[in-house]
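Just so you know, these numbers come straight off a predicted model, no measurement behind them. In each ligand, atom 1 is the first atom listed, and ligand 1 is the first ligand listed.
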Amino acid sequence: MDDASGRGRRSPWELQAAPPPESWDDWTELDASAWPERVERHFSCIPTICFNCEAACGLLAFVDKSSGEIAKFEGNPVHSGSRGRTCAKGPATLNQIRDPERILAPMKRSGPRGSGRFQPVSWGQALEEIGGRVRRALEEDRHDEIVYHVGRPGEDHFMQRLLQSWGVDGHNSHTNVCSASARLGYALWFGADRPSPDYARTKFMLLLSAHLETGHYFNPHAQRIMSAKEAGARLAVVDTRLSNTASHADHWIATWPGTESALLLGVARELLRSGRFDARFVRRWVNWREFLERRAPERPSTFESFVEALTETYAAYTPEFVAEECKVPYGTVPRLADEIAAAAPHFSSHLWRNAASGHLGGWQVARALMLLHVLTGSVGTEGGLNPNAWDKFVPKPSESPQAGSRWNERIWPREYPLSHYEMSFLLPHLLERQGSRIDVYFSRVYNPVWTNPDGCSWIEMLEDEQRIGCHVALTPIWSETAQWADYVLPMGLAPERHDLMSQETHAGTWIGFRQPVLREFQRRRGGTVGLTRDSNPGDVWEEAEFWIALTWKIDPDGALGMRRFYESKKSPGTPVSIDEYFADIFDNAVPGLPEAARAEGLDPLSYMRRYGAFDVPYAGQRRYEDDPASGEPGVELEDGSRKAGFGTPSRRLELYSATMEEWGFGEHATPGYIRSQVHWRELDLAAGERVLLPTFRLPTLIHTRSGNAKWLQEISHTNPLWVHPDDAKKLGLTNGQLARVSTRIGHFVVRVWVTEGIHPGVVGCSHHVGRWRLAREIGGERLSTALVDIVRENGTFLFRQKEPVGPFDSADPDTRRIWWKETGVNQNLTFPVQPDPISGMHCWHQKVRVQPAREDDRYGDVFVDTKRSREVFSEWLRMTRPAPGPGGLRRPLWLKRPLRPADDAFRTGRDLTTIKR
Ligand code: SF4
């Protein structure tokens, strides 16, 4: 193939290769739309970071040098996490920035909340009003009435530092509807709250997730999983549903939802019974003496006796028991044990949401899975599994505020002392039962009305100005939640903002720099660059600059002690610029970066603007064997050496958790199995009861973030109910028919898809679609939302779609070509809150009744009774064992919090608030 660019492409395959960095200032391609003429287009290639999930893949924006517009996005080849590749959602960033329906200017409510009436407001007025309100709350010592609720952080450290500088304990994340269970399970073992598998060098992978299509961190992980498979590694997938990932597996193990830890403990039993475990590693690193002392004090304190005791602990998990309990074939356990034993220590695994996030005691799935790694010595090994903190690097500015002294019980209630983390999805219930309020509630890239269980309770809370004084929605697009905001402030999409990110994508460490592409294009052309807002479309701002400006409004003279953290050192008395803020980090906090920049004649900030990513020197996988860092105690091992160890109180891998015992959960101090709220024994199958599996994503969508991407919406826009053929027959359902699915607080009406890809007795429905809006022109993307009516009566809500998705006129001719109508069903509205009493995770799986739809049911109907939701919450609340714990603590000091206050705040200096039961 000849090469119009003259850069030596010799075969069609080379078209797939990303442009090399040396050509990024002037990259040439032929204009496909001009064919058969050969018209050259010249591009400036500018790196940034994708913001469509948390993987932080590197993107390369191609800016057409003649029009100054972004023409497309591809992968950034120098980003070592994503290595030049993206998933479908990366390139679809183009749809998002060109979305004809995006919000281009700040808005303020002009009617009652939820009325859909808004008017434009200037940034200046919005800052003045919001800043004044926050300032008043701080001056009146109402710090706990300021809450920032984030769905997708998309950055590291900036917001935590900012909230710390405000002196508020107001960070609220979405973790408890996502990953709280897995986090607790991992934290109890090694002090880090998530795993980082070394897929690339593994020989056997066990995924309790759909990682090849949607998981954390999807594209970087998926490509390494596939590389490992190409090199001969084998893959087993535990999933009740035949996911795309399971379809690529050597073994698809479809467990009954909620029984996964029984399966894993069966494998542990098999490894122990047959002696196929790494005795040297276990003896050296596991707190087996503590286990013996607490669990079998009558036995001699020898390793051999420990092995006997442990084998007895799991003796009941025979292949027969597992087959019956988990509803899997008898041979599953021996086969898995054989695969793991043969591969160890090159054995990797992953669990994040999926199995852990659905049921009571889901956190024990992570405990049981880690037990297999510990037994096989595949922790911190090549091809094994690392604690995530070792594979992520978060550099910080040279000066940071002190940790706060407050503890906000609105988000950290005493009933959940071990939760991971804030009890975010309970907010309406907590405010009501505590009789408390929030004065300024910032929702940021978060859509709790649609995403959280029991969204109607969120609507009730957001409507009540006694509970929420002011709601500020920071969002690039309309969302269900933003409809109940006082201010809707448009924030930049991926190529319109600065953020610094790192993720544990593999055994290595990197940082990635998200930057506003057109701002950088302007800079490369020699133009002056000011605020990012000046180069963004419309009046869209970036968050970092917004928060700095807001901080200056709250503390204009510095009297509150906040302003100084956002004041320029170069020009005192003025706000720090984004360039100065990040230059400080890159100059001082990233090892190796100044040298790498110097080698290219650049300063570190320019280096990051040019390449978008940097590989931070890696400290290795076997860090627990290092000497303790200065000031750290480390752990003394049996050979007398002192090593760094792990992040647990004992510095060992904690098979036995003293923390669990001390906080009143002694019966769960070791990996175990807790029967769930959706156990098969709980179901009356003959009466139409089934388990609803509502947790899975669709590979080309990402929660509420992709409703503005036309390519993605065309691929995926509905969420049919997966029903096994045997169940379809028993329930009187046929393919394409409407079914009514009833939960404990309501019901929804959905179309049926009969498939063998789901376990009999279980039905599945993706949570990724089912978007809606209340007003014709605003409140949601017409591309992806149905117009609905809500009929309300005495705490009940009936949502009915009155206008489906269809073609409409806009600046984009493609919106006239929309051919689909159904947009799915917002099933989450019908779920009561079900907080796990230990991890705090919302237990997503539901016991439901499935029936053919009634005559007056319509596709997309959702009915909810919020009174019933309160009753269900009371039931789950009764299972909690509230703080204080030992020493009058609200929470163990060693357990992580995203925004950690000082130790004193953990101590209960005054009476704790108790939630009304
Ligand atoms: S996995 Fe896809 S959506 Fe996520 S950051 Fe990477 S390209 Fe973007």
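Evaluated for a salt bridge (charged side-chain N to carboxylate O under 4.0 Å, His left out) with Glu496, the options Arg102, Arg533, Arg514 yield exactly one hit, Arg102. No option in Gln160, His171, Glu54 other than Glu54 meets the side chain to side chain contact (heavy atoms under 4.5 Å, CB included) test with Pro153.
For the ligand labelled ligand 1, residue Ser82 lies outside the 4.0 Å heavy-atom shell.
A salt bridge between Asp579 and Arg523 is absent, with no side-chain N of the basic residue lying under 4.0 Å from a carboxylate O of the acidic one. Using a cutoff of 4.0 Å between basic side-chain nitrogens and carboxylate oxygens, Asp25 and Arg524 are scored as salt-bridged. Between Lys396 and Asp156 no salt bridge is recorded (no basic side-chain N to carboxylate O distance below 4.0 Å).
Judged by the 6.0 Å and 45° rule, Arg773 forms no cation-pi pair with Trp478.
Heavy-atom contacts of Ala56 reach the following atoms of ligand 1: 5 (S) (cutoff under 4.0 Å).
Around atom 2 (Fe) of ligand 1, protein N, O or S atoms at a distance under 2.8 Å total 1; waters are neither shown nor counted.
Applying the side-chain contact (heavy atoms from CB on, under 4.5 Å) test to Pro476 and every residue at least two apart in sequence or in another chain returns Leu493.
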